[in-house]
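Okay, structure first, notes after.
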Amino acid sequence: MEIEAKFSAPDAATLEHLRELDELAGFELGAGETAQMSDVYLDTDDRALQGAGLFCRRRDLGDRTLLTVKRRGSGKPGAVHRRDEWELELPHDLAPDAGPDEWPAGEAREQVAKAARGRPLQPLAEIRQTRVARPVTRDGHTVAELSLDTLTFVVGDGVQAPQYEVEAELKGEGAEAELAVLAEALQRDFGLVPQPLSKFERALAALDAGAPAGALLSADEERLLGRIARRTDAAGRRARALLAVHAGALQRDAAAKAGMAPRTVRYWLNRFQHEGLAIFPARLVSAVKRRSGAAEGGETAAATEAAPDKTTASDDAPGKSAARAVRDKAAAAAAAVLAKAAPVAGRKTRRPARPGIRATDTMAEAAFKTLRFHCDRMLDHEAGTRVGDDPEDLHDMRVATRRMRAALRVFAPYLDARTMHPIERGLRRTGRVLGAVRDLDVFHEKTMHYLDGLPAERRGELDPLLDIWHEQRDEARAALLTYLDGDRYPRFVEAFTALLDDPGRAALPIMTAEQEARPHRVSLVLPAVVYDRVTAVWAYDDVVGGHDTPLPRFHRLRIAGKAMRYTLEFFEEVLGAEAKPLIGATKNMQDHLGDLQDAVVTCTILRNFLTWGRWEPPATNARRDMTMLVAPGVAAYLAARQAELNRLVDTFPEMWVTIRGDGFSRRLARVIGEL
């Protein structure tokens, strides 16, 4: 089993710097040994090995020839790779074109013979490299080997410009926790970018696409991004950064050119290497491709805003590589999602600032005014949520679902439960998938705020954690889009909007079956509704405050406070201007407790990462799966969040008095009295 961390280096100077180091992240670096290698990758004419998930490399090392067979990597983002590997040394007198049946016995021979099924092997691509291999030790024990590689890809009849790569492979008594420390230092201190693809996969992609193996962009991609780069929005900045890296700029220089942080450039570069043009809105890519075909180099800003068509994010070409096929598929899926989102985007119009509730309305009428008000906002932000460029769209869509769920609880006594149950269930399901992404966005926002307060030389110390965050968010986004694009969400929206157009179906009658009058006017019912929500908050007066309060209790108070705030906001038009300070005080409490809960969640995530190297603890046999990472940057962040948690608990009594004090009670009494 091969376990290594692989990175792309920006230039030869970076390799030279690493060659001169005596120590790295507390490890000693031994003297480097330089070797010249020629790697020739072999397969059958129909690429049977590739189809079996293998690649076969013949490496000439002076008077030795090694043959290595490896499982192909997953292509997942990140630096650390694990894969099966088998190696054997070929006899000196063996002809270069000898087949597996002439190789020495062993697993490498068996794997290739099984896949090739007697068909001859032929050269696919060649990589010439100069490698400087340095032993990495601690306390006299070897833990890894650091390889500094200068690569030249030979594709067809052409020799490409050099590429630079750094590998850290576990050796001897090394542990994965030590490899993680090395990987973190290489990214933080030298600006290295995790390389998800093997040398073979990059050479193969260049062979199939006819593009330089050392180039980030194909010729078509370069032309298309050149047009997108003229824009002044996030897509334009992203395109300018990729073009700068493609032209040979260091990441920090590309960041300055694009107006981004270097770590943001690193993130999008990694995403582009894995997803290609699918990192851009498919509607934008399709419009630019279409317009560039009609008027080469002359598209306008208006053209880039055109509606999407069915053009995919990269051109079809005979024999294109598997990697480019994955890119195309992802872009096509994004285009389909945006095509469905386009009609919804048309709903975004000027909306009234309030639901229009009056004191003379029935509670059922007020309920449907409130639900329609927030349903419109949920649908207004759906298109932006699908695209994902602005996290505020998702935030606002989620807030709308939360307010509607709160409204259903407030108005439940006046609505038919059986009719409203499917609506409540749809809102709960929608809020859950939105919340999974939003919670990750909040984590990222607060983490970026923490990093911005650190010295420049420390701002990369959470990169391993953020790599996992990116994986989690990608998974949550995929689940969100699957839900929005599936059957359940459209059925829910259709049923909900139909009910909003016919609210009488859900309103309970004014008279009960026993011919008793049911209280139903807002002016009569509202005092009891408001006091019910307020007293649910005041009930915590004797059980919160101080460090002896269980943290989950603060969270329950936050939920009660949210219900109180939403209720006051639902009826703000009826309660009048005097209600604004009450809403403000409630919002301050909610924000304070929200920050406290965020700190609790963040501390849990950071402890999970330090203990298991993952976002959440393993589902089974946690003790067996424990890894205990050495990540001083993450440990420092955990200490900072625990200090913030302590501060929020300490200052809670100062905030609580604004809710439980006499001033709030007197103002509330005046507001209710004027009804």
Side-chain angles (χ1 to χ4, degrees), residues 1-6 33-76 80-131 133-136 142-147 149 151 153-154 165 167-176 179 195-204 207 322:
M1 175 68 72
E2 177 187 54
I3 303 176
E4 63 182 4
K6 293 165 54 68
E33 295 184 2
T34 302
Q36 302 291 333
M37 308 178 193
S38 174
D39 293 341
V40 176
Y41 292 92
L42 308 171
D43 207 336
T44 63
D45 58 357
D46 59 352
R47 299 191 185 178
L49 300 189
Q50 182 182 345
L54 302 172
F55 68 81
C56 178
R57 179 189 69 204
R58 188 181 67 230
R59 170 170 290 174
D60 292 325
L61 288 162
D63 60 349
R64 300 178 64 205
T65 300
L66 296 179
L67 190 125
T68 304
V69 179
K70 298 184 182 184
R71 295 270 182 213
R72 295 186 62 184
S74 65
K76 291 182 179 179
V80 178
H81 303 260
R82 301 169 182 82
R83 57 189 173 190
D84 294 327
E85 177 184 69
W86 305 278
E87 190 172 85
L88 58 84
E89 185 166 351
L90 297 178
H92 295 289
D93 56 353
L94 191 66
D97 59 352
D101 56 332
E102 299 179 67
W103 297 348
E107 188 65 27
R109 169 179 168 172
E110 295 301 320
Q111 291 287 340
V112 173
K114 180 179 178 181
R117 296 182 180 178
R119 287 165 289 186
L121 301 180
Q122 60 187 20
L124 283 183
E126 180 184 359
I127 302 175
R128 300 166 187 167
Q129 60 181 307
T130 301
R131 165 166 288 185
R134 306 193 64 186
V136 181
T142 299
V143 298
E145 182 177 80
L146 188 68
S147 298
D149 297 338
L151 312 171
F153 287 75
V154 181
E165 187 167 289
E167 296 182 2
E169 182 178 356
L170 282 184
K171 297 285 186 181
E173 302 175 18
E176 289 192 40
L179 183 63
Q195 175 54 265
L197 300 178
S198 68
K199 299 181 185 75
F200 167 70
E201 288 166 321
R202 284 138 58 201
L204 186 63
L207 178 67

**OP:** Can you run down the salt bridge (Lys or Arg N to Asp or Glu O under 4.0 Å) pairs that involve residues 53-62, sequence neighbours left out, and say none if there aren't any?
**Re:** D39-R59

Subject >> Any I3 side-chain heavy atom under 4.5 Å of E176 side chain >> reply: yes

**OP:** Please lay out, stage by stage, how K6 and E169 fare under the test salt bridge (charged side-chain N to carboxylate O under 4.0 Å, His left out).
**Re:** CA-CA 8 Å; K6 293 165 54 68; E169 182 178 356; over 6 Å; no

Subject >> salt bridge (Lys or Arg N to Asp or Glu O under 4.0 Å) partners of residues 102-117, not counting sequence neighbours, each pair once >> reply: none

**OP:** With the side chain counted from C-beta on, respond yes when L49 and V112 share a heavy-atom pair under 4.5 Å apart, and no when they do not.
**Re:** yes

Original post:
Thinking salt bridges, do E145 and R134 make one under a 4.0 Å N-O criterion?
Top reply: no

**OP:** Show the numbers, then the answer: is there a side-chain contact (heavy atoms from CB on, under 4.5 Å) between R47 and F55?
**Re:** CA-CA 10 Å; R47 299 191 185 178; F55 68 81; over 6 Å; no

Subject >> Main-chain N/O of Q50 paired with D43 side-chain donor or acceptor, under 3.5 Å >> reply: yes

Subject >> Partners passing side-chain hydrogen bond (donor to acceptor under 3.5 Å, both in side chains) against T44 (at least two apart in sequence or in another chain) >> reply: D46

Original post:
Looking only at side chains, do E85 and T68 share a donor and an acceptor under 3.5 Å apart?
Top reply: no

Original post:
How many angstroms lie between CG in L94 and CG in L67, if you round to the nearest 0.5 Å?
Top reply: 9.5 Å

Original post:
Would you say the side chain of Y41 lies within less than 4.5 Å of the side chain of L121, judging by non-hydrogen atoms?
Top reply: no

**OP:** Tell me, with the steps shown, if S38 and E126 meet side-chain hydrogen bond (donor to acceptor under 3.5 Å, both in side chains).
**Re:** CA-CA 7 Å; S38 174; E126 180 184 359; 2.9 Å; yes

